[in-house]
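Notes follow the structure.
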Amino acid sequence: MAETDAAALALAKPAPRVPRSTAQRISAIRRWTPVLWSIRIERPADYLFQPGHYARLGLPVDTPEAAVWRPYSIVSATTDSELEFLLVLIPGGAFTSQLAALREGDTVLLEQAVFGFFLDSQLAPGDTLWMLATGTGLGPYVSLLRTPGALDRYARVVLVHSARHADELAYRDEIEAPAAVSHGRLSYVPIVTREAGVSALTGRIPQLISDGALQAHVGRTLEPADSRIMVCGNPEFTTEMRALLAERGFTPCRRNSPGSMLFEKYW
Ligand SMILES: Cc1cc2nc3c(=O)[nH]c(=O)nc-3n(C[C@H](O)[C@H](O)[C@H](O)COP(=O)(O)OP(=O)(O)OC[C@H]3O[C@@H](n4cnc5c(N)ncnc54)[C@H](O)[C@@H]3O)c2cc1C
Ligand SMILES: NC(=O)c1ccc[n+]([C@@H]2O[C@H](COP(=O)([O-])OP(=O)(O)OC[C@H]3O[C@@H](n4cnc5c(N)ncnc54)[C@H](OP(=O)(O)O)[C@@H]3O)[C@@H](O)[C@H]2O)c1
């Protein structure tokens, strides 16, 4: 290629996008296991979100133009003065390996915008909201539970969280406490898949729904007429759930057309 053509091409190529961001201080770290932890960071005054939105975090802080950026669901209430995230360490992961080395007082980049459509307002009105999560996919539901009034439009709420081991059931105490005094309005179903005798139900969520064990445990049916369902986490899980629910008559949410099922895929 002639030198002038190469120069013209280089000019035509858009420069890589450098997100508009601010460096936010980590105010607290809570370790659930050696590879699973939550962080809280300062929240800019104009950073507005709804439960289900995700933020984009970047590192390293001193070179934003070369930083690695990743999306993370916001765990905190919309009323919280800080932002909280639930994170799992991916061995060799470009972002989480850097983040895992940070301590309270260190900083992380926060993109100014919020993102996503995993918002329960996308769903048509319904009687029972089912919130299904694997691993760190629990985060958006904690934000919904923590945000005053966010779940008021549902008569019943069922939160199902699947983790490999019992100590990975993050926020368990925080969820069990309101469930215990909710007179059956909030059901919390922890599922541990790689330890025997820890949870009332064992096995993967799609299978537990297919054979009716989950519905029997909760004492509710799962029908598109009155159930709305949010599914978040492992991509194979969300794909399996989409097929299973579509077979049962659940419909996806589209622009200007609320549906009965909603998905967030983490990788
Ligand atoms: C909308 C959205 C919200 C997300 N929210 C969260 C969140 O709240 N908490 C969280 O920990 N992660 C979340 N993620 C995943 C996160 O953005 C990163 O992908 C993850 O932290 C790995 O980044 P990394 O740079 O360390 O690893 P990378 O170097 O990017 O990843 C290496 C590989 O690990 C796999 N991988 C990525 N994430 C996971 C995971 N969580 N579990 C198992 N394997 C994975 C993928 O195959 C990936 O190619 C979210 C992703 C999306 C799209
Ligand atoms: N000790 C460690 O080093 C350690 C520990 C945990 C995580 N990690 C890292 O963190 C990453 C994420 O692990 P994670 O445990 O948070 O997430 P995960 O592998 O997605 O597992 C979380 C839960 O989802 C279930 N699940 C997985 N695939 C499913 C599917 N297709 N349908 C229904 N349920 C499904 C798992 O059940 P199953 O048990 O049946 O798969 C488990 O109960 C791992 O890839 C690993 O890199 C490391």
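Counting starts at 1 for both ligands and their atoms, following the listed order. These numbers come from a predicted model, not from an experiment.
Using a cutoff of 4.0 Å between basic side-chain nitrogens and carboxylate oxygens, D120 and R153 are scored as salt-bridged. The pair R156-D226 fails the salt-bridge criterion, with no side-chain N (NZ, NE, NH1 or NH2) lying under 4.0 Å from an Asp/Glu carboxylate O. A salt bridge links R40 with D80: the distance from a Lys NZ or Arg NE/NH1/NH2 to an Asp or Glu carboxylate oxygen falls below 4.0 Å. Salt-bridge formation is detected for the pair E176/R172: a Lys NZ or Arg NE/NH1/NH2 atom is positioned less than 4.0 Å from an Asp or Glu carboxylate oxygen.
Residue contacts with ligand 2 for R194 involve side-chain atoms from C-beta outward but no N, CA, C or O (heavy atoms, distance under 4.0 Å). At a heavy-atom cutoff of 4.0 Å, ligand 2 is contacted by the side chain of E240 but not by its backbone.
At least one side-chain heavy atom of V189 sits less than 4.5 Å from a side-chain heavy atom of H217. Residues V157 and M131 are in side-chain contact: their nearest non-hydrogen atoms beyond the backbone lie under 4.5 Å apart.
With hydrogens and angles ignored, the 3.5 Å screen pairs no side-chain donor or acceptor of S21 with any backbone N or O of L109. Of the possible donor and acceptor atoms, one in the side chain of R228 sits under 3.5 Å from a partner among the backbone N and O of P125. Under a 3.5 Å cut-off, the side chain of H161 and the backbone N or O of L132 do not form any donor-acceptor pair.
A side-chain donor-acceptor contact under 3.5 Å links E82 and S27. In this model, a donor atom of one side chain and an acceptor atom of the other lie less than 3.5 Å apart for T128 and R220. When only modelled atom types and interatomic distance are considered, T22 and Y47 share no side-chain donor-acceptor pair under 3.5 Å.
Remark: R146 engages E84, E174 in a salt bridge (charged side-chain N to carboxylate O under 4.0 Å, His left out) (not counting sequence neighbours).
Atoms of ligand 2 found under 4.0 Å from any heavy atom of A163, numbered from 1 in the order shown, are 42 (C), 43 (O). Atom numbering of ligand 2 starts at 1 in the shown order; those under 4.0 Å from a heavy atom of G135 are 16 (O), 22 (C). The V88 neighbourhood of ligand 2 comprises atoms 10 (O), with distances under 4.0 Å to a heavy atom of that residue. With ligand atoms numbered from 1 in the order given, ligand 2 contributes 9 (C), 10 (O) to contacts under 4.0 Å with heavy atoms of L89. Under a 4.0 Å criterion applied to the non-hydrogen atoms of F237, ligand 2 contributes the atoms 30 (C), 31 (N), 32 (N), 33 (C). Every atom of ligand 2 is numbered from 1 in the order shown, and the set under 4.0 Å from a heavy atom of S162 is 22 (C), 23 (C), 24 (O), 25 (C), 42 (C), 43 (O). Within ligand 2, counting atoms from 1 as listed, the ones closer than 4.0 Å to a heavy atom of P91 are 47 (O).
Evaluated by nearest non-hydrogen atom to atom 11 (C) of ligand 2, the leading choice among T238, I90, L132, T202 is I90. Closest to atom 24 (O) of ligand 2 by heavy atom, among I191, T134, T239, is T134. When the heavy atoms of E195, Q207, H165, R164 are ranked by distance to atom 14 (P) of ligand 2, first place goes to R164. Ranked by closest heavy atom to atom 29 (C) of ligand 2, the top entry among R204, E236, M241 is R204.
In terms of protein heavy atoms, atom 48 (C) of ligand 2 is closest to V35 CG2, 4.0 Å. The single protein non-hydrogen atom nearest to atom 36 (C) of ligand 2 is T193 OG1, 3.9 Å, given as residue, atom name and distance.
For E168, the heavy-atom gap to ligand 2 drops under 4.0 angstrom. The shortest heavy-atom distance from P206 to ligand 2 is under 4.0 Å.
L144 pairs in a side chain to side chain contact (heavy atoms under 4.5 Å, CB included) with only one of the listed residues (L151, L159, T78), which is L151. The residue from F49, Y54, F95 that alone fulfils the ring pair (Phe, Tyr, Trp, His ring centres under 6.0 Å) condition with Y72 is F95.
Closer than 4.0 angstrom to ligand 1 sit non-hydrogen atoms from Y54, R70, P71, Y72, S73, L86, L87, V88, I90, G93, A94, F95, T96, T136, E264, K265, Y266, W267.
For ligand 2, one of its N or O atoms has an N or O atom of N234 under 3.5 Å away.
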